[in-house]
Amino acid sequence: MKHTLVASLAFAAALARELLPVKILAPSADHFRDIVSNDTYDFGCRPVARPTADGQMELHALLTRDQMAYLNHEYRSVDTISIRESLVKRATPAPIGAGDRFQAGTVAPVGLGTKPGGTTIASIMNVAEIKSAVGGLVAKYGVASYNLPYTTFNGATQYAAYVGAGADTSKYHLYLSAAVHARERGGPDNLVYWVADLLAANASGGGLTYGKKTYTNAQVRSVLAAGIVFFPLVNPDGVAYDQSSGALWRKNRSTRSGSSGSSVGVDINRNFDFLWNFKKYFASSVAPASASPSSETFYGTAAASEPETKNHVSVYDKFPKIRWFLDIHSAAGDMLYSWGDDDDQSTNTAMSFLSAAYDGKRGTVGDTAYKEYIPSADLTAIKQVAAATVAAMKAVGGRSYVSQQSVGLYPTSGASDDYAFSRYWAKGGAVNKVYGYTMEFGYSTNFYPTLAEFNQNILDTNAGFTDWALAAIAVGLE
Ligand SMILES: [Zn+2]
């Protein structure tokens, strides 16, 4: 009897910690501001408010039952805001591959764009398979792969690869990375299968087909010739843990700041050197990251304190002419462009992330105390490329995507996309200007896609990457 009681108490405790998909509805995005300013709630990559079919706004979150009960109590007398568990019964998530389908890098991956419509991939790559897949591309197509300088907390050697523009690393202009956030399953697969598609089509003289969207061989060759650098597994420790535990794990697995439970790990996407020290740079009323190790957005111990962040940054040094960067995340269904710390403005060059005069004022969306400077020509260019990307993703025929400024509802600090774009100004023009994007594929807070969704995500993102590259080429690579 005693054993049964202990077991059921443990089960109840596990249930209390279980994250429930929650939908918060309100008449406008402004209604969400108080809720999103609480840095203990999990809003996915970043809080994004989206319009509903009936003219309201919705915000998705992952909350424990206790958090949900608290919010329901707080807002019980506010009838404009409703908070409810998303009662959609989730089908079984796509399986994680067992073994190594690429046989230690001797078998090259083949994407969906070069296969007949309706073909599917049976499972998500495990950590070893991602590396093996890149090895397969090296063996079959002569892709160049290399080890990055820093080892992860759990001792993983990280790697990136490049293809399309020969041995001269100054000829590479496109950079894509995936799996910064561990639980966002399918990110590495989207990226690796896309590169595999480009190479297979290039070799056969054919084109690519993603649902209803097609590309010619000339377009494939043009994308490759732009020079592609890819870092498909930014957070291998986190992904290994997430795949073995099913714990919806987001951060890396460093125990420097906390040794157990949710206090383990740093959010790599709040660790980049862009307004990292948010308490200094942002208004005290906003929390673009968290200084608490138990938060999902814990920013680490210093800007770029994490080996994964350092490795990510090292790619810009090796490939000094990268112009376009895309970080692959899920799950919201959007393409986000700069900036992420506050609203954009193109009139006041002095109002910028470099100006100490605005410290303590940044991050309140919709006010005039601070807006981040972006040259109007840059803003036009990045919006154009984001629009082309989502148009291609919609044209596949699966679902709708939106492009929007990354600040959206709420600011972020230390994110990879803002870091990419900020480098040029932060280093006084001594380095190339990089346009940074975040793509959030998939469906709101659904980090573990079903097998059908996993395959649809590959089609959607691969069309998106192709048009992102083509639109970037049209704007300019130099
Ligand atoms: Zn993410």
Side-chain angles (χ1 to χ4, degrees), residues 19 21 36 39 41-50 59-62 93 124 130 175-191 230-243 247-253 262 265-272 274 288-290 295-300 306 308-309 312 325-338 340-341 389 401-420 436-449 453-454 457 460-461 464-465:
L19 292 169
V36 297
D39 72 359
Y41 298 150
D42 182 350
F43 297 101
C45 290
R46 40 187 119 202
V48 180
R50 299 174 59 100
L59 170 70
H60 288 259
L62 288 166
I124 294 172
I130 298 165
Y175 175 25
L176 300 96
S177 63
V180 163
H181 288 146
R183 65 193 179 185
E184 297 169 8
R185 291 186 178 176
D189 308 68
N190 294 333
L191 178 50
F230 59 110
F231 183 6
L233 181 57
V234 177
N235 183 5
D237 297 351
V239 171
Y241 179 72
D242 179 75
Q243 291 191 342
L248 288 169
W249 193 257
R250 167 189 172 107
K251 300 184 282 182
N252 70 10
R253 294 293 298 166
S262 62
V266 172
D267 182 355
I268 298 164
N269 212 31
R270 297 294 183 278
N271 187 242
F272 283 83
F274 173 74
S290 177
S295 169
E296 293 287 1
T297 57
F298 176 51
Y299 69 166
E306 303 310 293
E308 298 88 348
T309 315
H312 202 291
F325 165 66
L326 196 162
D327 204 10
I328 303 164
H329 289 253
S330 76
D334 56 40
M335 177 73 169
L336 306 176
Y337 55 82
S338 300
D341 63 316
T389 307
Y401 279 79
V402 295
S403 69
Q404 59 190 63
Q405 194 197 326
S406 60
V407 75
L409 185 59
Y410 205 69
T412 47
S413 54
S416 64
D417 49 3
D418 281 334
Y419 170 74
Y437 294 87
T438 294
M439 177 190 285
E440 297 186 309
F441 67 85
Y443 299 78
S444 295
T445 62
N446 177 19
F447 300 113
Y448 294 175
E453 289 165 346
F454 167 64
N457 289 339
D460 292 346
T461 58
F465 301 156

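Just so you know, these numbers use all the heavy atoms, side chains as well, and skip hydrogens, waters and symmetry mates. Position 1 is the first residue of the sequence, and the numbers go up from there. Order of listing sets the numbers, starting from 1, for every ligand and every atom in it.
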Return the orientation label for the Phe231 and His312 ring planes: parallel under 30°, perpendicular over 60°, tilted otherwise.
tilted
What do you get for the angle at the Zn ion (ligand 1) between ND1 on His181 and ND1 on His329, to the nearest 10 degrees?
100°
Restricting to N/O/S atoms, is Glu440 within less than 2.8 Å of the Zn ion (ligand 1) or not?
no
With Ala61, which residues qualify under side chain to side chain contact (heavy atoms under 4.5 Å, CB included), at least two apart?
Phe43, Leu63
Need one value: angle at the Zn ion (ligand 1), Glu184 atom OE1 versus Cys45 atom SG, rounded to 10 degrees.
110°
Looking just at side-chain N and O atoms, do His329 and Glu184 make a donor-acceptor pair shorter than 3.5 Å?
yes
What residue among Phe230, Phe325, Phe465 forms ring-ring contact (aromatic ring centres under 6.0 Å, His included) with Tyr175?
Phe325
